[in-house]
Amino acid sequence: MASAQSGHAEKFDVLIVGAGHAGAQVALALLHAKFSGSIALLGDEQELPYERPSLSKEYLSGKKGFDRILLRPANFWRDSGIRTLPGKRVTAVQPDEHYVTCADGSTYGYGHLVWATGGVARQLRIEGHNLKGIHTLRNRTDADRIRAELCATERVVVVGGGYIGLEVAAALVQTGKRVTLVEALDRVLARVAGEPISRFYEAEHRGRGVDIRLGAAVESITGREQGRVSSVKLADGDVLDCDLLIVGVGILPATQPLVEAGATGGDGVEVDHQCRTSLPDIFAIGDCAAHSNSYAGNARIRLESVQNANDQAAVVAKVLCGVPSTYDAVPWFWSNQYDLKLQTVGISAGHDQTVVRGDTSTRSFSVIYLRGGRVVALDCVNAMKDYVQGKRLVKEKLVIAPSLLSDAARPLNEM
Ligand code: FAD
């Protein structure tokens, strides 16, 4: 049971800030472990926790309604004993006195605090960025705003050729919109995948009618009457007319209150192998947590994936239950575009060799990344078997000859 505390409305043994993937998963894992203390899941969105990846996929295209992307139905949370506190934004943390303050003035005390606030979508800070019809895509409100404007939209410009930009382009071109995707670098997915994957996806999108502009910087945005976006001007002088502009250029970790409270951090809050921050009794997990990752050569990184959110949540729940645990999970990720399922395992950044396994023209193949001869990552396109079997190669950091890896007739689990 939560207890009343002088000066604070309520105190919880575990207070989770951020009701997204990571936050919800801590609560669920504690429940599963029969944690005996009180748990509150506090978040600034109005919704109960939902599957964020669907926002750029089935939810955006209208194939799934909101009820179908909830992580758990409303009655589950009601019956669970976990206190959900939606519509609450934490603006300050008092680590010495163990309480947080929300934007509405309410305060909540905690025994342990789990900071799981994800990130805020980056905006384009250029002339015209405030016009109507310009959106980022991070939460349900963003997706609903985009969906509401689609019926009056013929032309869409998507800025950013990362996973989200490409998924949005795929979803919208399939609903009959004319889509142009603008990427500043010379290939899409440049930060996360090797060139064979980039070129394959560029060709797939172009084949479906997406106009992809590479090496193209957005210079300014122009509006028409009523302050609505009408075109985007590129640095090379090209002007792209549009009714809707969607910006997918990454996130900034949502860590300000915690960093202001003294937590060590830069790009994300720094955590140790148990996801503890530098502040007493405060953990940080998910997109906002900068951790040392053995699959990235022990570099301190943030991972933006459901896998990372869930696996870090599982570690924190164990630690809170007194069960020793450290985070060292194999990173994995997926992206759905058209009928293509991309599954990634490991971290390809820093690779020095790339092996293509299979024939890209069959639309079922894998790209394997090596560093110093060791397998560090795989990108598998419609190649579930490679993905499942390749996980072990990455986990065990195996040294395998490229000539073997490229032989698609030879299963990876035999290597
Ligand atoms: P979130 O799920 O973002 O949850 C954080 C929550 O905290 C949010 O509700 C936020 O509003 C809230 N919050 C922030 N600040 C405060 C505050 N001060 N007080 C209270 N609440 C606060 N990952 C994949 O693995 N595969 C995919 O295909 C994929 N597709 C994606 C598509 C889209 C459109 C997006 C946006 C993300 C996608 N991701 C995907 C990434 C994945 O959704 C994130 O990695 C995951 O949601 C991270 O979980 P999290 O709990 O750290 O953050």
Side-chain angles (χ1 to χ4, degrees), residues 15-27 40-61 69 71 84-93 100-104 106 108 113-122 135-143 146 158 160 162-168 170-171 192 246-261 268-269 271 275 283-291 302-313 316 331-337 341-345:
L15 176 65
I16 303 162
V17 178
H21 276 275
Q25 197 54 43
V26 178
L41 180 57
L42 176 158
D44 60 358
E45 294 185 70
Q46 294 300 335
E47 287 79 16
L48 290 168
Y50 57 89
E51 287 169 25
R52 210 163 290 276
S54 296
L55 297 181
S56 52
K57 306 178 182 74
E58 305 89 342
Y59 187 71
L60 188 66
S61 61
I69 68 168
L71 287 179
T84 53
L85 295 164
K88 297 269 182 191
R89 162 164 285 270
V90 170
T91 52
V93 179
V100 302
T101 306
C102 298
D104 62 6
S106 54
Y108 296 94
L113 182 70
V114 184
W115 192 261
T117 51
V120 178
R122 276 179 201 271
H135 301 280
T136 51
L137 179 54
R138 181 69 196 177
N139 53 38
R140 184 200 182 175
T141 307
D142 299 333
I146 294 170
V158 177
Y163 289 122
I164 291 181
L166 290 174
E167 288 181 354
V168 167
V192 287
I246 301 177
V247 179
V249 294
I251 63 163
L252 297 169
T255 56
Q256 198 180 343
L258 206 53
V259 170
E260 282 174 1
V269 178
V271 295
C275 302
F283 297 85
I285 55 173
D287 285 11
C288 69
H291 63 279
R302 288 188 305 104
L303 282 176
E304 296 170 17
S305 69
V306 170
Q307 167 275 317
N308 177 65
N310 286 345
D311 287 340
Q312 289 190 328
V316 169
W332 57 264
F333 188 86
W334 77 95
S335 174
N336 297 342
Q337 299 164 46
K341 189 169 183 72
L342 171 68
Q343 291 169 294
T344 288
V345 55

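Everything quoted here is computed from the prediction, not taken from an experiment. Every number for a ligand or one of its atoms is a count from 1 in the order of the listing. These numbers come from the heavy atoms of this one structure, side chains and all, not from hydrogens, waters or symmetry mates.
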query = Under the criterion side chain to side chain donor-acceptor pair (under 3.5 Å), which of Gln337, Glu51, Glu167 is the partner of Lys57?
reply =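 Checked Gln337, Glu51, Glu167 against Lys57; only one passes side chain to side chain donor-acceptor pair (under 3.5 Å): Glu167.
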Got the closest protein heavy atom to [atom], with its distance?
{"atom": "atom 36 (C) of ligand 1", "value": "Leu137 O, 3.6 Å"}
{"atom": "atom 18 (N) of ligand 1", "value": "Val90 O, 3.0 Å"}
{"atom": "atom 23 (N) of ligand 1", "value": "Phe333 CE1, 3.3 Å"}
{"atom": "atom 48 (C) of ligand 1", "value": "Asp287 OD1, 3.1 Å"}
{"atom": "atom 7 (O) of ligand 1", "value": "Gly18 CA, 3.2 Å"}
{"atom": "atom 53 (O) of ligand 1", "value": "Gly118 CA, 3.3 Å"}
{"atom": "atom 16 (C) of ligand 1", "value": "Thr117 CG2, 3.6 Å"}
{"atom": "atom 13 (N) of ligand 1", "value": "Asp44 OD1, 3.4 Å"}

Atom indices of ligand 1 within 4.0 angstrom of [X] heavy atoms, with elements:
{"X": "Ala309", "answer": "49 (O)"}
{"X": "Val17", "answer": "19 (N), 20 (C)"}
{"X": "Lys88", "answer": "19 (N), 20 (C)"}
{"X": "Gly286", "answer": "52 (O)"}
{"X": "Ser305", "answer": "23 (N), 25 (O), 45 (O)"}
{"X": "Glu304", "answer": "45 (O)"}
{"X": "Arg89", "answer": "15 (N), 18 (N), 19 (N), 20 (C)"}
{"X": "Ser56", "answer": "32 (C), 33 (C), 34 (C)"}

Between [X] and [Y] (salt bridge meaning N to carboxylate O under 4.0 Å), is one present in this structure?
{"X": "Asp104", "Y": "Lys88", "answer": "yes"}
{"X": "Arg52", "Y": "Asp287", "answer": "no"}
{"X": "Glu45", "Y": "Arg89", "answer": "no"}

request  = Could you check which of Pro86, Gly248, Pro53 puts a non-hydrogen atom nearest to atom 31 (C) of ligand 1?
outcome  = Pro53
remark   = Looking only at non-hydrogen atoms, the one of Glu51, Lys57, Arg52 nearest atom 28 (O) of ligand 1 is Lys57
ask   = Given Tyr163 and Phe333, is the ring pair (Phe, Tyr, Trp, His ring centres under 6.0 Å) satisfied, shown in steps?
value = CA-CA 10 Å; Tyr163 289 122; Phe333 188 86; 4.5 Å; yes
Taking both backbone and side-chain atoms of [X], is any N or O found less than 3.5 Å from an N or O belonging to ligand 1?
{"X": "Ala22", "answer": "yes"}
{"X": "Glu45", "answer": "yes"}
{"X": "Trp332", "answer": "no"}

query = Can you find a non-hydrogen atom of Gln256 under 4.0 Å from ligand 1?
reply = no
query = Would you say Pro257 contacts ligand 1, with heavy atoms under 4.0 Å as the rule?
reply =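 Heavy atoms of Pro257 never come under 4.0 Å of ligand 1.
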query = When you look for heavy atoms under 4.0 Å from ligand 1, do you find them on the side chain of Ile164, its backbone, both, or neither?
reply = side chain
